[in-house]
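Presented below is the structure to which this report refers.
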Protein chains: 10
Amino acid sequence: MLFHVRMDVKFPPGFDPEARAELIARERETAHEMQRAGSLVGLWRIVGEFANFSIFEVESGDELHRLLQSLPMFEFMMVKVTPLANHPSKL
Amino acid sequence: MLFHVRMDVKFPPGFDPEARAELIARERETAHEMQRAGSLVGLWRIVGEFANFSIFEVESGDELHRLLQSLPMFEFMMVKVTPLANHPSKL
Amino acid sequence: MLFHVRMDVKFPPGFDPEARAELIARERETAHEMQRAGSLVGLWRIVGEFANFSIFEVESGDELHRLLQSLPMFEFMMVKVTPLANHPSKL
Amino acid sequence: MLFHVRMDVKFPPGFDPEARAELIARERETAHEMQRAGSLVGLWRIVGEFANFSIFEVESGDELHRLLQSLPMFEFMMVKVTPLANHPSKL
Amino acid sequence: MLFHVRMDVKFPPGFDPEARAELIARERETAHEMQRAGSLVGLWRIVGEFANFSIFEVESGDELHRLLQSLPMFEFMMVKVTPLANHPSKL
Amino acid sequence: MLFHVRMDVKFPPGFDPEARAELIARERETAHEMQRAGSLVGLWRIVGEFANFSIFEVESGDELHRLLQSLPMFEFMMVKVTPLANHPSKL
Amino acid sequence: MLFHVRMDVKFPPGFDPEARAELIARERETAHEMQRAGSLVGLWRIVGEFANFSIFEVESGDELHRLLQSLPMFEFMMVKVTPLANHPSKL
Amino acid sequence: MLFHVRMDVKFPPGFDPEARAELIARERETAHEMQRAGSLVGLWRIVGEFANFSIFEVESGDELHRLLQSLPMFEFMMVKVTPLANHPSKL
Amino acid sequence: MLFHVRMDVKFPPGFDPEARAELIARERETAHEMQRAGSLVGLWRIVGEFANFSIFEVESGDELHRLLQSLPMFEFMMVKVTPLANHPSKL
Amino acid sequence: MLFHVRMDVKFPPGFDPEARAELIARERETAHEMQRAGSLVGLWRIVGEFANFSIFEVESGDELHRLLQSLPMFEFMMVKVTPLANHPSKL
């Protein structure tokens, strides 16, 4: 089923720039894998914010939680998940 | 999968008492059916409020939306759905 | 460019059921046209709510406002628009 | 009586990973004891968040406060307690 | 056990003054009974608002919900219940 | 006159446990004095939170501010004061 | 003692213009009396809003509640009272 | 001096379409006059909302309140005024 | 013109007590000067909070911003400015 | 197209004053360049706050995100972007 996810990233003040760059690189790699695996089917940056809207297609809440928790930047994120259904006006 | 649902009911001012009683009776019947069918697996009144917390076990977001929308009092409710996963500390 | 839109619908209490059904039918038709025209490129129901998340692809804020304002149910909606950018982790 | 509890965990930035792992292990043990003792009768992870919904069955507010305060991770939690009553539509 | 309750009253616009006066009189009578019965043990007006803070002493959430729901003005109230415990600094 | 006060305590992360214990002991002593002096006439713990509801009886806002500011834990508290009046339904 | 009060006025839709004008005239008269009596010692319009900030000097919360409740427009107001103390930097 | 103003318009449900059209026409005329007079120096529609952001240049808060109150749609608006200063990075 | 200002002070955890005392002394001196100069015409402590309500009389938003920014504790404050107008019921 | 942007700046406690001054100088230089390039077409300080309202004119959300992210103080800002359309009452 489909879920809408908003992720807001916040690093602690004074976070080491190298650790940060390395973390962002690993995050990107994980996001690529989730897209290739067909779990992460939509991904957009929110203009002006260190945040994104994503659409996930998964079997269950357990699978989604496992995926989100596996993100390298998970501990620096605030995550808000909204379950989706088919819209009757969708072609 | 499991979903946590909070429902808050609000009738418009001056709502006809008979229509109200009839609606509540039909709502109760529908809730009974959902419990017998195994979709509605937890249900509690919030003390002091015309509101409840429920746990639903369904196949998908589509099924949950269909169930919620079929509640006779749906149009008078504010509904907030939160997807659940197994908790690692659950026995 | 792309915009994320959340629409929440709220009819006034006692809204005539026929007017409502007719309005929803016209809304559906308009949503179909926007999808065929390539402006409305994503559309999902939010489970348990009379609400949706949409993705619009338009030339400008003026075009988006014109489209949203042309929705038959516009006057009964609360609309929240968020501008989007390409996400660097998008494949 | 029954209480609905939402717990949100937030460790301070730079929290020592070993202290964290040890704390989580002790928390799990305590949660197991509360379930075996029949005080903690419902427990779910909120998808995408370091948070849970729980149902507690206790004699009083004093007992519930003692239990919550005895959680090893209590000082890193934001806790919100809602008192419950039997729902008239519950089978 | 003890509960802290905040009640905010809001009558619909144009509410009939006689119905209002009669309702307030019945509400007062019910509040007197609850005080005599030892369930309502604290009651204060919030300055400038049609609202009060109350302390209830009851056996359970079920009893408290029954009491609150029996208030003649219950359908015009927003009620917020907070469970209490003994404070360690209380003499 | 009477005031309703909510106090929420929050120590900074990594606060020294001995300093904390000593502070809590002094806070308790001060609370005892205020109760003996007749200024602090109600005191309850909010279940699951490091917070309390209190009722103060004082001559003026100046006296209340002096009392609250004299609490040893004052700098770690968020305090919210609500002025009270006699409730017409109070026996 | 001194209290800071914010009042926001909201008439129901379709409120009769004559009733409104008459109410505003009576409100003004009452405000004048409170100023002459020395209870209402500060009064400002909030720019762009049907709202004001006021400073009241009264003996007690009971007196302030009586004054506020006596305002002809009281039932159309949302009132928020904040108790004040002398500021140590005040000359 | 300069003020930033956000205006949100909300007509009551069932508002007469002709009265609405006439009101909007008069509002437009008033906005034109304020622009010609040099008081209303910036005006933008918020995409998807019946709302605007405006910049006003006036002598005082009294003048701004008089202008806002003179808007034909004032009683259907929620208005939020923010005072502005020169920005040190402005060319 | 007149402005209503609310200032909330928050020092970082572990702020040096001497630096704090010196800062508060300088703040007081600056507040005295502003009162003598006729810019700061009202000043009250909010009971139970490290916060105040103030009334400023200044020529413009630029002057007010300059004054607020010159407060020694400015960088530890959250400031909220509301523009005021004459109230028609003011004597 | 046009966007309304609100930026709130917050430096971490104890931020080095020289680093701060250097950052503010570079921010100013970048703001000047954006104004000369015609992207930043409106800029005002919010009185009493370390915050501004800006108007940006750009080709797309991607361009706006690139500009905002290039601000030297971007990592210390909370940014809120609102898309704009022509207002029908604009001359």
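Proteins get letters first, then strands, A, B, ... in listed order; numbering begins at 1 in each.
- The shortest side-chain heavy-atom distance between C:Arg36 and A:Leu91 falls under the 4.5 Å cut-off.
- Comparing C:Thr82, C:Val47, C:Ile46, C:Ile55 by how many heavy-atom pairs each has under 4.5 Å with chain A, the most go to C:Val47.
- In terms of heavy-atom pairs under 4.5 Å with chain A, the best-connected choice from C:Ser89, C:Gly48, C:Pro83, C:Pro88 is C:Ser89.
- Looking at A:Ile24, there are no atoms closer than 4.5 Å to chain C (heavy atoms on both sides), in backbone or side chain.
- Two residues are said to be in side-chain contact when any heavy atoms from C-beta on lie closer than 4.5 Å; A:Gln35 and C:Lys90 meet this criterion.
- Contact of the C:Trp44 side chain with the A:Asn86 side chain is not registered, since no non-hydrogen atoms from C-beta on lie closer than 4.5 Å.
- There is no contact between A:Leu40 and chain C, counting heavy-atom distances below 4.5 Å.
- Applying the salt bridge (Lys or Arg N to Asp or Glu O under 4.0 Å) test to pairs two or more places apart or on separate chains, those with a residue in residues 10-28 of chain C are C:Glu22-C:Arg26.
- Heavy atoms closer than 4.5 Å to chain C are found in the side chain of A:His4, but not in its backbone.
- Within 6.0 Å of CD on A:Glu59 lie no more than 12 heavy atoms contributed by other residues, nucleotides or ligands.
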